[in-house]
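Working notes, beginning with the structure itself.
When reading the values below, keep in mind they use all heavy atoms of this one structure, side chains included, and skip hydrogens, waters and symmetry mates.
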Amino acid sequence: MLPRRPLAWPAWLLRGAPGAAGSWGRPVGPLARRGCCSAPGTPEVPLTRERYPVRRLPFSTVSKQDLAAFERIVPGGVVTDPEALQAPNVDWLRTLRGCSKVLLRPRTSEEVSHILRHCHERNLAVNPQGGNTGMVGGSVPVFDEIILSTARMNRVLSFHSVSGILVCQAGCVLEELSRYVEERDFIMPLDLGAKGSCHIGGNVATNAGGLRFLRYGSLHGTVLGLEVMLWALRERITEALSRDGYVYKYDLSLPVERLYDIVTDLRARLGPHAKHVVGYGHLGDGNLHLNVTAEAFSPSLLAALEPHVYEWTAGQQGSVSAEHGVGFRKRDVLGYSKPPGALQLMQQLKALLDPKGILNPYKTLPSQA
(Lines give C-alpha, C1' and ligand atoms only; values in the text may rest on other atoms or scores of the structure.)
Protein backbone atom coordinates (compact mmCIF):
# COMPACT_ATOMS: atom_id res chain seq x y z
CA MET A 1 0.00 0.00 0.00
CA LEU A 2 1.03 3.57 -0.43
CA PRO A 3 0.88 5.90 2.56
CA ARG A 4 -0.46 9.41 2.26
CA ARG A 5 2.84 10.39 3.85
CA PRO A 6 6.13 9.42 2.14
CA LEU A 7 7.49 6.02 3.12
CA ALA A 8 9.84 3.51 1.56
CA TRP A 9 8.25 1.46 -1.23
CA PRO A 10 6.54 -1.46 0.52
CA ALA A 11 6.07 -5.07 -0.52
CA TRP A 12 2.57 -6.36 -1.18
CA LEU A 13 1.38 -9.89 -0.66
CA LEU A 14 -1.63 -11.69 -2.07
CA ARG A 15 -2.58 -14.88 -0.30
CA GLY A 16 -4.97 -17.34 -1.88
CA ALA A 17 -5.41 -19.01 -5.22
CA PRO A 18 -4.38 -16.91 -8.24
CA GLY A 19 -6.81 -15.87 -10.94
CA ALA A 20 -5.46 -18.04 -13.74
CA ALA A 21 -5.99 -16.85 -17.30
CA GLY A 22 -8.23 -13.95 -16.46
CA SER A 23 -9.62 -13.90 -12.94
CA TRP A 24 -11.25 -15.71 -10.09
CA GLY A 25 -14.84 -15.67 -9.13
CA ARG A 26 -17.84 -14.12 -7.56
CA PRO A 27 -21.09 -15.81 -8.44
CA VAL A 28 -24.24 -13.83 -8.92
CA GLY A 29 -25.49 -10.75 -7.08
CA PRO A 30 -23.09 -8.00 -8.15
CA LEU A 31 -23.15 -9.20 -11.75
CA ALA A 32 -26.90 -8.89 -11.86
CA ARG A 33 -26.63 -5.31 -10.59
CA ARG A 34 -24.12 -4.48 -13.29
CA GLY A 35 -26.38 -5.82 -16.04
CA CYS A 36 -24.83 -9.20 -16.75
CA CYS A 37 -28.03 -11.13 -16.26
CA SER A 38 -30.75 -11.21 -18.87
CA ALA A 39 -33.33 -8.56 -18.05
CA PRO A 40 -36.92 -8.69 -19.28
CA GLY A 41 -36.93 -8.00 -23.00
CA THR A 42 -33.17 -8.57 -23.34
CA PRO A 43 -32.23 -11.16 -25.97
CA GLU A 44 -30.58 -14.27 -24.55
CA VAL A 45 -26.87 -14.43 -25.17
CA PRO A 46 -26.08 -17.22 -27.66
CA LEU A 47 -24.00 -20.12 -26.45
CA THR A 48 -20.30 -19.71 -27.17
CA ARG A 49 -20.15 -23.17 -28.75
CA GLU A 50 -22.83 -22.11 -31.26
CA ARG A 51 -21.17 -18.83 -32.13
CA TYR A 52 -17.52 -19.88 -32.35
CA PRO A 53 -15.91 -22.89 -34.05
CA VAL A 54 -14.62 -24.51 -30.88
CA ARG A 55 -14.69 -28.21 -30.04
CA ARG A 56 -15.13 -29.60 -26.52
CA LEU A 57 -12.06 -31.46 -25.32
CA PRO A 58 -12.47 -34.95 -23.80
CA PHE A 59 -13.00 -33.89 -20.21
CA SER A 60 -15.26 -35.77 -17.83
CA THR A 61 -18.69 -34.50 -16.82
CA VAL A 62 -19.73 -33.81 -13.24
CA SER A 63 -21.40 -36.75 -11.54
CA LYS A 64 -23.45 -37.04 -8.35
CA GLN A 65 -20.37 -38.49 -6.69
CA ASP A 66 -18.39 -35.39 -7.70
CA LEU A 67 -21.04 -33.12 -6.23
CA ALA A 68 -20.94 -35.10 -2.99
CA ALA A 69 -17.15 -34.76 -2.88
CA PHE A 70 -17.36 -31.01 -3.50
CA GLU A 71 -19.94 -30.65 -0.73
CA ARG A 72 -17.52 -32.33 1.67
CA ILE A 73 -14.72 -29.99 0.59
CA VAL A 74 -16.78 -26.77 0.65
CA PRO A 75 -19.89 -27.33 2.78
CA GLY A 76 -22.60 -24.94 1.64
CA GLY A 77 -20.41 -23.70 -1.19
CA VAL A 78 -21.77 -25.81 -4.06
CA VAL A 79 -24.21 -23.99 -6.36
CA THR A 80 -26.27 -25.98 -8.86
CA ASP A 81 -29.41 -23.86 -9.14
CA PRO A 82 -29.86 -23.03 -12.87
CA GLU A 83 -31.16 -19.54 -12.14
CA ALA A 84 -28.21 -18.74 -9.87
CA LEU A 85 -25.84 -19.98 -12.59
CA GLN A 86 -27.18 -17.71 -15.33
CA ALA A 87 -25.03 -14.69 -14.49
CA PRO A 88 -21.67 -16.43 -13.96
CA ASN A 89 -22.11 -18.23 -17.30
CA VAL A 90 -22.31 -14.93 -19.22
CA ASP A 91 -19.41 -12.57 -19.81
CA TRP A 92 -19.39 -8.84 -19.03
CA LEU A 93 -20.06 -7.82 -22.65
CA ARG A 94 -22.93 -10.31 -22.99
CA THR A 95 -21.39 -11.92 -26.07
CA LEU A 96 -20.26 -15.26 -24.59
CA ARG A 97 -22.28 -17.85 -22.67
CA GLY A 98 -21.21 -21.16 -21.23
CA CYS A 99 -23.40 -23.92 -19.85
CA SER A 100 -21.75 -24.75 -16.54
CA LYS A 101 -24.00 -26.58 -14.13
CA VAL A 102 -21.78 -26.24 -11.06
CA LEU A 103 -20.25 -23.27 -9.25
CA LEU A 104 -17.96 -23.77 -6.27
CA ARG A 105 -17.31 -21.11 -3.61
CA PRO A 106 -14.31 -22.01 -1.42
CA ARG A 107 -13.19 -19.83 1.47
CA THR A 108 -9.52 -20.80 1.68
CA SER A 109 -6.62 -21.70 -0.58
CA GLU A 110 -6.60 -25.12 1.08
CA GLU A 111 -10.14 -25.75 -0.16
CA VAL A 112 -9.10 -24.62 -3.62
CA SER A 113 -6.24 -27.08 -3.51
CA HIS A 114 -8.56 -29.94 -2.56
CA ILE A 115 -10.98 -29.00 -5.34
CA LEU A 116 -8.26 -28.92 -7.98
CA ARG A 117 -6.79 -32.20 -6.74
CA HIS A 118 -10.19 -33.87 -7.13
CA CYS A 119 -10.75 -32.31 -10.56
CA HIS A 120 -7.32 -33.44 -11.71
CA GLU A 121 -8.01 -37.01 -10.63
CA ARG A 122 -11.41 -36.97 -12.34
CA ASN A 123 -10.25 -35.02 -15.44
CA LEU A 124 -12.84 -32.29 -14.80
CA ALA A 125 -12.29 -28.92 -16.46
CA VAL A 126 -12.28 -25.85 -14.19
CA ASN A 127 -12.98 -22.20 -15.00
CA PRO A 128 -11.65 -19.70 -12.42
CA GLN A 129 -13.82 -16.59 -12.17
CA GLY A 130 -13.40 -13.31 -10.32
CA GLY A 131 -15.57 -10.25 -10.61
CA ASN A 132 -16.36 -11.32 -14.20
CA THR A 133 -15.54 -7.85 -15.48
CA GLY A 134 -13.10 -9.09 -18.14
CA MET A 135 -13.44 -8.16 -21.80
CA VAL A 136 -11.91 -11.22 -23.49
CA GLY A 137 -14.00 -14.10 -22.18
CA GLY A 138 -11.35 -15.46 -19.84
CA SER A 139 -13.64 -15.61 -16.84
CA VAL A 140 -16.62 -17.57 -18.19
CA PRO A 141 -16.86 -21.23 -19.24
CA VAL A 142 -16.86 -22.13 -22.92
CA PHE A 143 -18.72 -25.40 -22.39
CA ASP A 144 -19.64 -27.00 -19.04
CA GLU A 145 -16.46 -26.30 -17.07
CA ILE A 146 -16.86 -26.07 -13.29
CA ILE A 147 -16.86 -22.41 -12.25
CA LEU A 148 -14.46 -21.89 -9.35
CA SER A 149 -15.21 -18.66 -7.56
CA THR A 150 -13.26 -16.86 -4.87
CA ALA A 151 -16.21 -14.70 -3.91
CA ARG A 152 -15.93 -15.95 -0.35
CA MET A 153 -12.14 -15.59 -0.31
CA ASN A 154 -12.52 -11.93 0.54
CA ARG A 155 -10.70 -11.46 3.84
CA VAL A 156 -7.92 -9.07 4.70
CA LEU A 157 -5.56 -11.27 6.65
CA SER A 158 -3.22 -8.58 7.95
CA PHE A 159 -2.08 -5.00 7.44
CA HIS A 160 1.10 -3.44 8.81
CA SER A 161 0.59 0.23 9.56
CA VAL A 162 4.30 1.07 9.33
CA SER A 163 5.50 -0.91 6.31
CA GLY A 164 2.20 -0.71 4.47
CA ILE A 165 2.16 -4.45 3.78
CA LEU A 166 -1.32 -5.74 3.04
CA VAL A 167 -2.02 -9.48 3.06
CA CYS A 168 -5.39 -10.37 1.61
CA GLN A 169 -7.23 -13.11 -0.22
CA ALA A 170 -7.63 -13.13 -3.99
CA GLY A 171 -11.39 -12.53 -3.85
CA CYS A 172 -11.21 -9.13 -2.18
CA VAL A 173 -13.09 -6.51 -4.17
CA LEU A 174 -10.79 -3.66 -5.15
CA GLU A 175 -13.12 -0.94 -3.88
CA GLU A 176 -13.42 -2.60 -0.48
CA LEU A 177 -9.64 -2.87 -0.20
CA SER A 178 -9.38 0.81 -1.05
CA ARG A 179 -11.82 1.69 1.69
CA TYR A 180 -9.97 -0.53 4.16
CA VAL A 181 -6.57 1.09 3.64
CA GLU A 182 -7.97 4.63 3.38
CA GLU A 183 -9.40 4.25 6.86
CA ARG A 184 -5.79 3.67 7.95
CA ASP A 185 -4.44 6.71 6.12
CA PHE A 186 -3.08 4.71 3.16
CA ILE A 187 -4.19 4.46 -0.44
CA MET A 188 -4.42 1.63 -2.94
CA PRO A 189 -2.22 2.36 -5.95
CA LEU A 190 -4.86 0.85 -8.26
CA ASP A 191 -8.35 2.07 -9.05
CA LEU A 192 -10.44 0.90 -12.00
CA GLY A 193 -13.84 1.60 -13.48
CA ALA A 194 -14.87 -1.89 -12.38
CA LYS A 195 -13.53 -1.38 -8.86
CA GLY A 196 -16.89 -2.16 -7.29
CA SER A 197 -16.91 -5.62 -8.86
CA CYS A 198 -13.38 -6.64 -9.87
CA HIS A 199 -11.29 -8.79 -7.56
CA ILE A 200 -7.67 -8.12 -6.68
CA GLY A 201 -6.79 -11.64 -7.83
CA GLY A 202 -8.11 -10.87 -11.29
CA ASN A 203 -6.25 -7.55 -11.30
CA VAL A 204 -3.02 -9.41 -10.61
CA ALA A 205 -3.81 -12.12 -13.18
CA THR A 206 -4.35 -9.61 -16.00
CA ASN A 207 -1.71 -7.12 -14.87
CA ALA A 208 -4.40 -4.46 -14.70
CA GLY A 209 -3.16 -0.94 -15.36
CA GLY A 210 -4.65 2.50 -14.93
CA LEU A 211 -3.61 6.11 -14.80
CA ARG A 212 -0.71 5.87 -12.33
CA PHE A 213 1.46 3.59 -14.43
CA LEU A 214 4.09 6.30 -14.98
CA ARG A 215 4.45 6.90 -11.25
CA TYR A 216 4.33 3.36 -9.88
CA GLY A 217 5.12 1.05 -12.80
CA SER A 218 3.32 -2.14 -13.80
CA LEU A 219 1.64 -4.51 -11.38
CA HIS A 220 3.71 -7.48 -12.52
CA GLY A 221 6.88 -5.48 -12.04
CA THR A 222 6.45 -5.19 -8.28
CA VAL A 223 3.09 -6.84 -7.56
CA LEU A 224 2.17 -3.44 -6.10
CA GLY A 225 2.97 -0.69 -8.55
CA LEU A 226 -0.43 0.16 -10.00
CA GLU A 227 -2.07 3.18 -11.53
CA VAL A 228 -5.04 4.87 -9.90
CA MET A 229 -8.16 6.16 -11.64
CA LEU A 230 -10.53 8.37 -9.74
CA TRP A 231 -11.94 10.10 -12.76
CA ALA A 232 -15.73 9.54 -12.79
CA LEU A 233 -16.05 10.38 -16.50
CA ARG A 234 -13.52 7.70 -17.41
CA GLU A 235 -15.37 5.15 -15.33
CA ARG A 236 -18.59 5.71 -17.30
CA ILE A 237 -17.17 5.42 -20.81
CA THR A 238 -17.91 1.69 -21.04
CA GLU A 239 -21.46 2.19 -19.82
CA ALA A 240 -22.05 5.01 -22.32
CA LEU A 241 -20.71 2.99 -25.25
CA SER A 242 -22.91 0.01 -24.39
CA ARG A 243 -25.97 2.21 -24.87
CA ASP A 244 -24.88 2.97 -28.42
CA GLY A 245 -25.69 -0.57 -29.56
CA TYR A 246 -23.27 -3.46 -30.06
CA VAL A 247 -19.66 -2.74 -29.11
CA TYR A 248 -16.57 -4.34 -30.63
CA LYS A 249 -13.78 -3.92 -28.06
CA TYR A 250 -10.01 -4.18 -28.47
CA ASP A 251 -7.33 -3.72 -25.85
CA LEU A 252 -4.06 -2.94 -27.62
CA SER A 253 -0.56 -1.85 -26.73
CA LEU A 254 1.02 0.54 -29.25
CA PRO A 255 3.93 2.97 -29.52
CA VAL A 256 2.78 6.17 -27.84
CA GLU A 257 3.39 8.25 -30.96
CA ARG A 258 1.03 5.97 -32.95
CA LEU A 259 -1.49 5.42 -30.16
CA TYR A 260 -4.46 7.12 -31.82
CA ASP A 261 -3.61 6.45 -35.49
CA ILE A 262 -5.64 3.25 -35.65
CA VAL A 263 -8.75 5.18 -34.62
CA THR A 264 -8.52 7.49 -37.63
CA ASP A 265 -7.58 4.52 -39.81
CA LEU A 266 -10.71 2.61 -38.82
CA ARG A 267 -12.98 5.60 -39.22
CA ALA A 268 -11.88 5.84 -42.84
CA ARG A 269 -11.97 2.06 -43.37
CA LEU A 270 -15.40 1.43 -41.87
CA GLY A 271 -17.18 4.61 -42.94
CA PRO A 272 -20.96 4.52 -42.31
CA HIS A 273 -20.89 0.82 -41.40
CA ALA A 274 -19.88 1.79 -37.86
CA LYS A 275 -21.73 4.31 -35.69
CA HIS A 276 -18.67 5.42 -33.74
CA VAL A 277 -14.99 4.55 -33.49
CA VAL A 278 -13.64 5.67 -30.12
CA GLY A 279 -10.22 5.33 -28.56
CA TYR A 280 -8.98 6.13 -25.06
CA GLY A 281 -6.30 4.71 -22.81
CA HIS A 282 -3.02 5.32 -21.00
CA LEU A 283 -0.20 7.36 -22.45
CA GLY A 284 2.11 5.99 -19.79
CA ASP A 285 2.15 2.42 -21.13
CA GLY A 286 0.76 2.89 -24.64
CA ASN A 287 -2.47 1.06 -23.78
CA LEU A 288 -5.35 1.89 -26.16
CA HIS A 289 -8.94 0.84 -25.50
CA LEU A 290 -10.42 0.76 -29.01
CA ASN A 291 -14.21 0.66 -29.29
CA VAL A 292 -16.34 0.38 -32.42
CA THR A 293 -20.11 0.65 -32.04
CA ALA A 294 -22.88 -0.49 -34.37
CA GLU A 295 -26.65 -0.94 -34.20
CA ALA A 296 -26.21 -4.70 -33.77
CA PHE A 297 -23.66 -7.46 -34.24
CA SER A 298 -22.67 -7.75 -37.90
CA PRO A 299 -20.47 -10.55 -39.32
CA SER A 300 -19.46 -8.26 -42.20
CA LEU A 301 -18.35 -5.51 -39.84
CA LEU A 302 -16.42 -8.06 -37.77
CA ALA A 303 -14.71 -9.26 -40.94
CA ALA A 304 -13.69 -5.68 -41.71
CA LEU A 305 -12.23 -5.34 -38.22
CA GLU A 306 -10.49 -8.69 -37.88
CA PRO A 307 -7.78 -9.50 -38.64
CA HIS A 308 -7.12 -5.91 -39.82
CA VAL A 309 -6.87 -4.54 -36.26
CA TYR A 310 -4.37 -7.24 -35.28
CA GLU A 311 -2.35 -6.92 -38.50
CA TRP A 312 -2.17 -3.14 -38.05
CA THR A 313 -1.04 -3.58 -34.46
CA ALA A 314 1.60 -6.12 -35.42
CA GLY A 315 2.87 -3.73 -38.08
CA GLN A 316 3.57 -1.17 -35.35
CA GLN A 317 5.40 -3.75 -33.20
CA GLY A 318 2.50 -3.54 -30.77
CA SER A 319 0.67 -6.16 -28.73
CA VAL A 320 -2.82 -7.53 -29.39
CA SER A 321 -3.44 -7.53 -25.64
CA ALA A 322 -2.46 -4.89 -23.11
CA GLU A 323 -4.21 -5.12 -19.72
CA HIS A 324 -7.33 -7.19 -20.47
CA GLY A 325 -5.46 -10.44 -20.98
CA VAL A 326 -5.82 -13.03 -23.75
CA GLY A 327 -8.64 -15.22 -22.50
CA PHE A 328 -10.81 -17.03 -25.05
CA ARG A 329 -11.25 -14.28 -27.60
CA LYS A 330 -7.61 -13.59 -28.38
CA ARG A 331 -6.00 -17.00 -28.09
CA ASP A 332 -5.86 -17.51 -31.87
CA VAL A 333 -4.44 -14.03 -32.57
CA LEU A 334 -1.63 -14.29 -30.04
CA GLY A 335 0.68 -15.13 -32.93
CA TYR A 336 0.49 -11.51 -34.09
CA SER A 337 2.42 -10.56 -30.94
CA LYS A 338 4.41 -13.67 -30.01
CA PRO A 339 6.81 -15.71 -32.20
CA PRO A 340 6.21 -19.47 -32.66
CA GLY A 341 9.03 -20.30 -30.26
CA ALA A 342 7.42 -18.31 -27.47
CA LEU A 343 4.04 -19.96 -28.08
CA GLN A 344 5.67 -23.39 -27.99
CA LEU A 345 7.37 -22.56 -24.68
CA MET A 346 4.06 -21.40 -23.23
CA GLN A 347 2.47 -24.67 -24.28
CA GLN A 348 5.29 -26.65 -22.68
CA LEU A 349 4.99 -24.72 -19.41
CA LYS A 350 1.24 -25.25 -19.40
CA ALA A 351 1.71 -28.99 -19.93
CA LEU A 352 4.27 -29.13 -17.12
CA LEU A 353 2.04 -27.39 -14.57
CA ASP A 354 -1.31 -28.74 -15.79
CA PRO A 355 -0.61 -32.03 -17.61
CA LYS A 356 -4.26 -32.87 -18.18
CA GLY A 357 -5.15 -29.34 -19.23
CA ILE A 358 -8.11 -29.16 -16.87
CA LEU A 359 -7.50 -25.62 -15.57
CA ASN A 360 -9.35 -23.02 -17.64
CA PRO A 361 -9.19 -24.90 -20.95
CA TYR A 362 -9.76 -23.18 -24.32
CA LYS A 363 -8.08 -20.02 -23.01
CA THR A 364 -4.84 -18.11 -23.73
CA LEU A 365 -2.98 -20.70 -25.82
CA PRO A 366 -3.81 -20.94 -29.55
CA SER A 367 -6.23 -23.76 -30.39
CA GLN A 368 -3.71 -25.32 -32.78
CA ALA A 369 -0.96 -25.31 -30.12
Side-chain angles (χ1 to χ4, degrees), residues 21-23 91-93 95-96 133-139 192-194 198 202-203 205-214 217-221 226-227 229 234-235 237-238 240-242 244 246-270 273-294 301-339 342-343 346 363-366:
S23 54
D91 78 320
W92 181 258
L93 297 177
T95 58
L96 299 172
T133 59
M135 303 292 185
V136 294
S139 61
L192 303 171
C198 67
N203 299 149
T206 60
N207 197 22
L211 296 181
R212 288 190 178 175
F213 183 89
L214 279 178
S218 73
L219 174 57
H220 281 182
L226 305 175
E227 304 168 47
M229 202 182 305
R234 161 63 180 87
E235 295 181 2
I237 291 177
T238 299
L241 288 170
S242 66
D244 204 29
Y246 189 87
V247 186
Y248 301 83
K249 285 183 172 288
Y250 300 92
D251 170 55
L252 310 171
S253 181
L254 296 164
V256 174
E257 63 272 13
R258 302 299 306 277
L259 189 64
Y260 204 72
D261 290 358
I262 192 172
V263 176
T264 54
D265 172 87
L266 284 180
R267 286 173 179 169
R269 177 182 175 86
L270 303 177
H273 299 291
K275 292 179 68 175
H276 295 99
V277 180
V278 179
Y280 61 95
H282 323 144
L283 285 175
D285 57 358
N287 182 187
L288 177 71
H289 299 303
L290 177 64
N291 297 263
V292 178
T293 66
L301 182 54
L302 180 61
L305 285 166
E306 300 177 14
H308 176 76
V309 168
Y310 302 124
E311 292 173 345
W312 195 99
T313 301
Q316 309 304 316
Q317 302 298 306
S319 173
V320 298
S321 179
E323 66 172 349
H324 290 172
V326 176
F328 174 76
R329 290 179 179 278
K330 293 186 178 181
R331 63 177 186 154
D332 287 328
V333 300
L334 195 57
Y336 287 101
S337 299
K338 297 293 183 183
L343 296 178
M346 292 167 66
K363 313 290 173 59
T364 305
L365 293 173

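- Put simply, the side chain of Cys198 reaches to within 4.5 Å of the side chain of Asn203, judged on heavy atoms.
- The shortest side-chain heavy-atom distance between Leu93 and Val247 does not fall under the 4.5 Å cut-off.
- For Ala314, the side-chain contact (heavy atoms from CB on, under 4.5 Å) partners two or more places apart in sequence, or in a different chain, are Tyr336.
- To the nearest 0.5 Å, atoms OG (Ser319) and CG (Asp251) are separated by 8.0 Å.
- Nearest heavy atom pair, residue Ala294 against residue Leu301, reads CB-CD2, 3.7 Å.
- In this structure, CD on Glu311 lies 10.5 Å from CD on Glu306, to the nearest 0.5 angstrom.
- In this structure, Val320 and Ser337 approach most closely via the heavy-atom pair N-OG, 2.8 Å.
- Relative orientation of the His289 and Tyr280 rings is tilted, given thresholds of 30° and 60° on the angle between their planes.
- Considering every non-hydrogen atom in both Arg258 and Leu254, the closest pair reads O-CD1, 4.3 Å.
- Judged by distance alone, the side chain of Thr293 and the main-chain N or O of His276 form a donor-acceptor pair under 3.5 Å.
- Residue Lys338 qualifies as open at atom NZ: its count of foreign heavy atoms under 6.0 Å is 12 or below.
- Aromatic pair Tyr248/Tyr246: centroids less than 6.0 angstrom apart.
- The side-chain hydrogen bond (donor to acceptor under 3.5 Å, both in side chains) test applied to Lys275 returns Asp244, not counting sequence neighbours.
- When all heavy atoms are compared, the tightest approach of Leu259 to Gly286 is CD1-O, 3.5 Å.
- Considering every non-hydrogen atom in both Leu252 and Ala322, the closest pair reads O-CB, 3.6 Å.
- Of all heavy-atom pairs between Val326 and Ser321, the closest is N-OG, 3.9 Å.
- Checking Leu305, Thr264, Asp265, Leu290 one by one against Val277, the side-chain contact (heavy atoms from CB on, under 4.5 Å) holds for a single residue, Leu290.
- Rounded to the nearest 0.5 angstrom, His324 NE2 and Trp92 CH2 are separated by 11.5 Å.
- In this structure, Arg269 CZ and Ile262 CD1 are separated by 10.0 Å, a value rounded to the nearest 0.5 Å.
- Within the 4.5 Å cutoff, side-chain heavy atoms of Asp332 are placed close to those of Pro366.
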